[in-house]
Amino acid sequence: MATDTLKSTPGAQGGAVGGLRRLLLDNGALTALIVLVIAMSALSGDFLTADNLLNVGVQAAVTAILAFGVTFVIVSAGIDLSVGSVAALSATVLAWSATEAGIPVVLAVVLAVATGIVCGLVNGFLVSYGKLPPFIATLAMLSVARGLSLVISQGSPIAFPDSVSHLGDTLGGWLPVPVLVMVVMGLLTAFVLGRTYIGRSMYAIGGNEEAARLSGLRVKKQKLAIYAFSGLFAAAAGIVLASRLASAQPQAAQGYELDAIAAVVIGGASLAGGTGKASGTLIGALILAVLRNGLNLLSVSAFWQQVVIGVVIALAVLFDTVRRKAGATAPAAGASGGGKGKQALTYVIAAVVAVAVVGATSLLHNGSSAADRPKIGLSLSTLNNPFFVQIRDGAEEEAKKLGVDLTVTDAQNDASQQANQLQNFTSGSLSAVVVNPVDSDAAGPSVRGANQAGIPVIAVDRGVNEADTSALVASDNVEGGALGAKALAEKLGGKGTIVILQGQAGTSASRERGAGFAAGLKDYPGIKVVAKQPADFDRTKGLDVMTNLLQAHPDIDGVFAENDEMALGAIKALGSKAGTSVQVVGFDGTPDGLKAVRAGTLYASVAQQPSELGRIAVRNALRAAEGEKVEKMVKVPVKVVTKENVAGFEG
């Protein structure tokens, strides 16, 4: 770790116990990782299995690779907020080049890597020669790279070339390739930092940039190289991530820049610069992966998981900060002679203690009897939307009725996070899995893993491509979009101008609802769509986007929103026009949406009965787990709910 230069005063304690204590005190992140592994092993019998430990490695891989690149920047007292977006852009460039453009895969990979390096060089140029603060320069690149990813992909995932998708597979049927890539990138990072001129320059610039410049270092050119390294590692992470998902997702890796920075800081680096090591960054990434994996296995609420992860990150860094202030002193002269041998011994002692404790907890779990109640995992695309909250509520109600232990996870509209959650379900002792995919293609590899483990999978609301699901419990989004078009057009008398508020780019729900609406609108040539804008299924964004659209199109007659949340935001922007001069149609039939229908501000909502979707999914999952036959397709009818029939509708 980065704390090797700060050692406790020698001679105060001796022997193995003193060595172990010094090791733990001088390595706060390592201590936190050991404690977490022991705690998770004690709390969950599913944690300490070979498959699950490999899952932890795979789930840490993308964050670690990104974090290795960010380590270069932070060591030199900079910051890079763009790595997540650059990763998504690089993967999108590779997929588009190899499929749409017909470029040979090898050249497409080179182009993707070059994309990452160019993004890094632009960041370095803006910081070095443009004199922009690193925060501002990389924040701008975050937006530019994400926007270019959406432009190239047109907001839709692009299938990844099969030859590159093998990076998401395993060697020999057990060793994950992402873990190997992580190890190679970690060794490269350690070599660059410890054995090269540019690595020494990073520490010098981070320690005192002015002193580094006066000593002859070409600081501006060094920063170009530093940010180029960060872009290179971001491209590698993007390729690995897309390989795991078998597709390049334009919205992939959102928020990963924060995880990467957290991993570097947890690992002992200082945001002020001058300290940081590859081993510490790896430990930081593993801490985050162990936390998320263990909390999934322990069935911790998806909302509480975010709280716990934030608290543990803060405690890990606080521990290291306190240790630095209270216990670190300069090493005594001549004390380094046998330092390496003693340090190796203390590492061995720490490993033996950790293995002994973990082994004891594993034996305790092996000796305990398994619970008789069946266990089902439910992975939802998001819980930041009332529709999916209703699916969860219906599922929990049915699980309680049937005596089933239900574990619910929230993917936060992140396909890679959902892949991790599904992997955790597969390695746990679950009877069945219910998945509401963020993206139908991206969920395929993880569901195939559950297929190989013999765990039945039920898809709800959206299907899973290239994998076997026991059943799909869903409404027809395309049919619902067509019904929404018919309802709005007939209300307008077949004539008028309308705007469309689209959902989150790249999601199957947005694509299908939009396609159904467009198809339904063909029967009404008098209706003209004057604008389409995404508002990400979010009420606040619906308000903002609708407010902006009204500036350009103040005389519109109607609005179609691809969910009720955006429709409610549009109603707020329309004010007194909603339900009078402007008719609004939403989608989902959420409680707030139905309330607006009763009030007359929302003309109609295409209701899907989400609670019923959740109940039916859990019933079918239990049947599949018990070996009973289930229908491959279970359709829950959609219904256009207006003021005339809302009183008798139950969602």
Side-chain angles (χ1 to χ4, degrees), residues 154-156 387 440 461-463 474-505 507-535 537 542 545-546 549-550 552-571 574 577-590 593-594 596-597 600-609 633 635-646 648-649 651:
Q154 293 299 299
S156 299
F387 175 78
S440 298
D461 187 49
R462 305 164 188 162
S475 305
D476 191 331
N477 277 319
V478 176
E479 178 194 2
L483 290 175
K486 180 180 179 182
L488 182 57
E490 290 183 350
K491 180 64 175 177
L492 297 179
K495 294 186 298 183
T497 58
I498 64 171
V499 299
I500 299 174
L501 297 183
Q502 300 169 309
Q504 189 170 26
T507 59
S508 56
S510 180
R511 293 197 305 270
E512 292 167 4
R513 293 175 185 185
F517 186 83
L521 211 59
K522 289 180 180 179
D523 295 333
Y524 303 92
I527 301 292
K528 182 181 178 183
V529 178
V530 295
K532 297 180 183 178
Q533 286 294 322
F537 293 130
V545 171
M546 191 70 237
L549 289 177
L550 285 173
H553 308 284
D555 298 323
I556 59 169
D557 302 299
V559 177
F560 175 68
E562 289 177 355
N563 81 335
D564 282 347
E565 286 295 288
M566 293 187 296
L568 292 168
I571 288 170
L574 288 165
K577 291 183 178 181
T580 54
S581 60
V582 180
Q583 304 301 323
V584 182
V585 173
F587 207 117
D588 284 342
T590 63
L594 296 179
V597 170
T601 53
L602 182 63
Y603 168 65
S605 178
V606 182
Q608 293 195 83
Q609 307 180 75
M633 174 65 70
K635 282 289 187 182
V636 179
V638 294
K639 184 176 182 180
V640 177
V641 181
T642 63
K643 197 170 185 178
E644 284 70 30
N645 63 355
V646 68
F649 177 78

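For clarity, every value in this text was computed on a predicted model and none was experimentally measured. If you read the sequence from its start, that first residue is 1, and numbering goes on from there.
Every side chain to side chain contact (heavy atoms under 4.5 Å, CB included) that Ala607 has, sequence neighbours left out, goes to Val641, Phe649. Every residue meeting the side chain to side chain contact (heavy atoms under 4.5 Å, CB included) condition with Leu521, not counting sequence neighbours, appears here in chain and number order: Ala485, Ile498, Phe517, Ile527, Val529. With sequence neighbours left out, Glu565 forms a salt bridge (charged side-chain N to carboxylate O under 4.0 Å, His left out) with Arg539. Listed by chain and number, the residues in a salt bridge (charged side-chain N to carboxylate O under 4.0 Å, His left out) with Asp564 amount to none (sequence neighbours excluded). Glu512 is linked by a side-chain hydrogen bond (donor to acceptor under 3.5 Å, both in side chains) to Asn477, counting only residues two or more places apart in sequence or in another chain. Taking Lys635 as the reference, Asp476, Met633 meet the side chain to side chain contact (heavy atoms under 4.5 Å, CB included) condition, with sequence neighbours excluded. The side chain to side chain contact (heavy atoms under 4.5 Å, CB included) test applied to Glu644 returns Thr642, not counting sequence neighbours.
Here Met546 contributes atom CE and Leu549 contributes atom CG; the two are 5.5 Å apart, rounded to the nearest 0.5 Å. Note that the OG atom of Ser156 and the CZ atom of Arg511 stand 5.0 Å from one another [nearest 0.5 Å]. Here the straight-line distance linking atom OG of Ser581 with atom CG of Leu574 works out to 7.5 Å at 0.5 Å rounding. Interatomic distance, CZ of Phe537 versus CG of Asn563, reported as 6.0 Å (0.5 Å rounding).
Looking at every heavy atom in both residues, Ala596 comes nearest to Leu568 through CB-CD2, 3.7 Å. In plain terms, the two heavy atoms of Val559 and Ala570 that are nearest each other are CG1-CB, 4.4 Å. When all heavy atoms of Ala535 and Val545 are compared, the pair lying nearest together is CB-CG2, 4.1 Å. Nearest heavy-atom pair, Gln609 versus Pro637, reported as atom, atom and distance to 0.1 Å: NE2-O, 3.1 Å. Between Gly586 and Ala567, the shortest heavy-atom contact is CA-CB, 3.9 Å. Listed here is the closest heavy atom pair of Gly589 and Ser605: N-OG, 2.9 Å.
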Pair Arg513, Asp588 - check side-chain contact (heavy atoms from CB on, under 4.5 Å), show working. CA-CA 11 Å; Arg513 293 175 185 185; Asp588 284 342; 2.9 Å; yes

Assess the residue pair Leu602 and Ile571 against the criterion (side-chain contact (heavy atoms from CB on, under 4.5 Å)); give the C-alpha distance rounded to whole Å, side-chain angles, the decisive distance to 0.1 Å, and a yes or no. CA-CA 7 Å; Leu602 182 63; Ile571 288 170; 3.7 Å; yes

Go through the steps for Phe587 and Phe560 under the test side-chain contact (heavy atoms from CB on, under 4.5 Å), then give the verdict. CA-CA 9 Å; Phe587 207 117; Phe560 175 68; 4.2 Å; yes

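Between the side chain of Asp461 and the backbone N or O of Ala474, no donor-acceptor pair lies under 3.5 Å. No donor-acceptor pair under 3.5 Å is formed between the side chain of Gln583 and the backbone N or O of Asp557.
Counting heavy atoms from C-beta on, the side chains of Tyr524 and Lys486 come closer than 4.5 Å. A 4.5 Å side-chain heavy-atom check between Val584 and Thr601 finds every atom pair outside the cut-off.
Every pair tested for side-chain hydrogen bond (donor to acceptor under 3.5 Å, both in side chains) that includes a residue from residues 525-534 fails, sequence neighbours excluded, so the list is empty.
Side chain to side chain, Glu562 and Ser510 meet the donor-acceptor criterion of an N or O pair below 3.5 Å.
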